[in-house]
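A short worksheet on the structure shown next.
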Amino acid sequence: GYDKAMVDAFQKATGIPTKLDDNSTGPLLTQVEASKNNPHWGVLWVDGDTAFAGLDKEGMLLTGWEPTVTWNALGRQVVPKDGSYVPTHVTFMAALLYDPSQVSNPPSSWQQLLLSRWKGMVGMNDPSQSGPTYPFIAGMMQYLGGVTKGESYFANLKQAGLVINPTNGPTIQALTAGQIKLALVQSSAAVGAKLDDPKLRVKYLNPQTLLPGAIGIDAKASPAVQAEAKRFVEFVLSKRGQKVMQSGDPSGDSLYYPVVKGVKPLKALPSIGSVRSQTLNPYLWGPREPTINSWFDNHIVR
């Protein structure tokens with residue numbers, strides 16, 4: 001939501017020409033993988049550090065570099081040890097969005113989504129399109145005790161009429177159009193939808209999966225491009241860059257939790273300590289992403 005604003009601000013501040021390729025995470029990752037022998041990108045910036053762990057395992061990311069910033073506790077929690085990518089912010093996946101005029105008693109646990117009263121009423125995103133959705137699926141698998149138990153859970157959700165849309169926007173549109181009554185979307189999208197439509201409510205079922213957004217630098221880029229990419233990362237995490245992030249999309253992607261000291265989240269967000277969350281080991285779950293997404297596409301989406 002704030003990517004063009006950031007590119008424009010960076011170019012103005014540094015004079016470095018920067019070309020923006022704006023797309024959903026799934027297609028971007030497909031594009032990066034398809035061109036890995038002859039890459040044409042300098043930095044990749046998406047939500048979900050599992051994607052970066054997978055790219056790191058393939059040797060596609062510059063390693064051993066970290067920007068000169070002061071991380072807060074949240075930032076220190078998600079910085080990779082090998083410096084292969086840089087966290088820029090954190091959201092949750094997946095928040096529960098609903099209209100209290102249609103749902104007077106929303107589910108209070110993940111298991112309650114399987115109750116017959118919600119048959120055909122639950123919607124979520126497609127992980128092959130929506131980058132934040134794979135970490136949600138992986139998080140549910142971790143919470144439930146493994147991949148097989150997680151597959152069983154989503155298979156049961158499908159039997160109960162789970163509705164799949166490509167990304168946050170269409171899932172929220174399905175909610176406001178009355179096609180579903182419970183939308184499982186990224187926390188920034190859910191809080192933003194509530195700002196746009198105050199009658200909506202957001203609930204955080206326990207646990208929420210912590211979703212870091214991150215930037216990675218192409219390992220095969222020229223030294224000149226890598227140097228400019230490092231300047232872009234440092235600009236994003238500077239006070240000026242954080243102001244761009246928080247003003248570029250105030251009812252959407254700007255609704256994140258900062259990872260550097262001295263920056264406070266926007267007021268619309270609940271205290272991060274009020275949401276019970278879990279973290280994923282990206283180097284455990286990242287390499288599993290293609291297999292799990294393929295399973296989800298074949299057994300849940302279709």
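Please read all numbers here as calculations on a predicted model, not as lab measurements.
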* Within the distance-only criterion (no hydrogens, no angle test), does the side chain of Ser222 pair as donor or acceptor with the backbone N or O of Val225 below 3.5 angstrom? -> yes
For Asn165 and Ala174, the nearest pair of non-hydrogen atoms, with its separation, is ND2-CB, 3.8 Å
Thr279 and Gln142 have their tightest heavy-atom pair at O-NE2, 3.0 Å
Please determine whether side-chain contact (heavy atoms from CB on, under 4.5 Å) holds for the pair Leu157 and Trp110, giving the CA-CA distance in whole Å, both sets of side-chain angles, and the decisive distance to 0.1 Å. CA-CA 10 Å; Leu157 267 184; Trp110 293 110; over 6 Å; no
So Trp45 and Leu28, side-chain contact (heavy atoms from CB on, under 4.5 Å) or not? Walk me through it. CA-CA 10 Å; Trp45 190 9; Leu28 283 177; over 6 Å; no
Would you please say whether a donor-acceptor pair under 3.5 Å links the side chains of Asn125 and Thr171? yes
**Request:** Decide whether Ser35 and Gln31 meet the rule of one side-chain donor and one side-chain acceptor closer than 3.5 Å.
**Result:** no
Can a donor-acceptor pair be found, under 3.5 Å and without considering hydrogens, that links the side chain of Thr18 to the backbone of Ile16? yes
(message) Under a 3.5 Å distance rule, please check whether Asn72 uses its side chain to pair with a backbone N or O of Pro258 as donor and acceptor.
(response) yes
For Val244 and Ala9 the tightest heavy-atom approach is CG2-CB, 3.9 Å
Check: Quick one: does Val236's side chain get under 4.5 Å of Val86's, heavy atoms only?
Finding: no
Tell me whether Leu175 is reachable from Trp118 by hopping between hydrophobic residues (I, L, V, M, F, W, Y) whose side-chain heavy atoms are closer than 4.5 Å.
no
So CH2 of Trp285 and OH of Tyr134: to nearest 0.5 Å the spacing works out to 6.0 Å
Residues pairing under salt bridge (charged side-chain N to carboxylate O under 4.0 Å, His left out) where one sits in residues 15-28, two or more places apart or in two chains, turn out to be none
In this structure, OG1 of Thr50 is separated from CG of Leu280 (nearest 0.5 Å) by 7.5 Å
Problem set entry | Under-4.0 Å salt bridge between Asp8 and Lys4 | yes
The reported gap from CG in Leu200 to CD1 in Ile172 (rounded to nearest 0.5 angstrom) is 8.5 Å
Q | Test item: Tyr85 and Asp56 side chains (from C-beta on) under 4.5 Å apart, heavy atoms | A | no
- Message: With a 4.5 Å cut-off on side-chain heavy-atom distances among I, L, V, M, F, W and Y, is there a chain of contacts connecting Met140 to Ile137?
- Response: yes
Determine yes or no for a side-chain-to-main-chain donor-acceptor pair under 3.5 angstrom, with Thr30 supplying the side chain and Gly26 the backbone.
yes
Hphob cluster co-occupancy, Val122 + Tyr143, side-chain heavy atoms under 4.5 angstrom = yes
Can you tell if the side chain of Lys81 reaches within under 4.5 Å of the side chain of Tyr283, non-hydrogen atoms only? no
Next item on the list: For Lys158 and His299, indicate whether the former's side chain and the latter's backbone hold a donor-acceptor pair under 3.5 Å.
Entry: yes
* **Residues Asp47, His89; criterion side-chain contact (heavy atoms from CB on, under 4.5 Å); working and verdict** => CA-CA 9 Å; Asp47 284 333; His89 62 287; 2.7 Å; yes
Q) Heavy-atom distance under 4.5 Å between the side chains of Gln77 and Trp71, does that happen here? A) no
Residue pair Tyr204 / Ser187, side-chain heavy-atom distance below 4.5 Å: yes
| Test item: Asp49 side-chain N/O and Phe52 main-chain N/O as donor-acceptor pair under 3.5 Å | no
* **Lys181 vs Asp99, salt bridge (Lys or Arg N to Asp or Glu O under 4.0 Å): CA-CA, chis, key distance, verdict** => CA-CA 7 Å; Lys181 291 187 177 180; Asp99 182 345; over 6 Å; no
Pair Asp218, His40: side-chain N/O donor-acceptor within cut-off below 3.5 Å: no
Checklist line | Main-chain N/O of Lys264 paired with Gln246 side-chain donor or acceptor, under 3.5 Å | finding: yes
- Item | Sub-4.5 Å side-chain heavy-atom contact between Val260 and Gln242 | yes
Quick note, salt bridge (charged side-chain N to carboxylate O under 4.0 Å, His left out) partners involving residues 109-129, not counting sequence neighbours, are none
Next item on the list: Flag yes if Val202 and Leu113 sit in one hydrophobic cluster, no otherwise; membership is Ile, Leu, Val, Met, Phe, Trp, Tyr, and two members link when side-chain heavy atoms are under 4.5 Å apart.
Entry: no
In terms of heavy-atom contacts, Leu61 and Gly216 come closest through CD2-CA, 4.2 Å
For Arg240 and Leu237, indicate whether the former's side chain and the latter's backbone hold a donor-acceptor pair under 3.5 Å. no
Hey, does Val147 have a side-chain heavy atom less than 4.5 Å from the side chain of Arg288? yes
Note to self: Checking the side chain of Tyr98 only, and the main-chain atoms of Pro107 only, is there a donor and an acceptor separated by less than 3.5 Å?
What the structure shows: no
When rounded to the nearest 0.5 Å, the distance separating CD of Glu151 from OG1 of Thr148 is 5.5 Å
| message | Using a 6.0 Å cut-off, check whether atom NZ of Lys203 has over 12 heavy atoms from anything other than its own residue. | response | yes
- prompt: So, the side chain of Gln278 versus the backbone of Leu210: is there a donor-acceptor pair under 3.5 Å, distance only?
  reply: no
- Query: Do Val263 and Val233 belong to the same hydrophobic cluster, where Ile, Leu, Val, Met, Phe, Trp and Tyr are linked whenever their side-chain heavy atoms lie under 4.5 Å apart, directly or via other members?
  - Reply: yes
Closest heavy-atom pair, Thr209 versus Pro135, reported as atoms and distance to 0.1 Å, is CG2-O, 3.7 Å
Value for CH2 (Trp65) from CG (Asp82), rounded to nearest 0.5 Å, stands at 13.5 Å
Tightest non-hydrogen contact, residues Ser254 and Ser247, listed as OG-N, 4.0 Å
| Leu266 vs Tyr256, side-chain contact (heavy atoms from CB on, under 4.5 Å): CA-CA, chis, key distance, verdict | CA-CA 8 Å; Leu266 296 182; Tyr256 66 88; over 6 Å; no
Value for CD (Glu234) from CD1 (Ile215), rounded to nearest 0.5 Å, stands at 11.0 Å
Which of Val191, Leu269, Val275, Leu211 passes side chain to side chain contact (heavy atoms under 4.5 Å, CB included) with Phe92? It is Val275
Which of Gln186, Met93, Gln208, Met141 passes side chain to side chain contact (heavy atoms under 4.5 Å, CB included) with Phe136? It is Met93
**Message:** Any non-hydrogen side-chain atom of Ser130 less than 4.5 Å from a side-chain atom of Thr25?
**Reply:** no
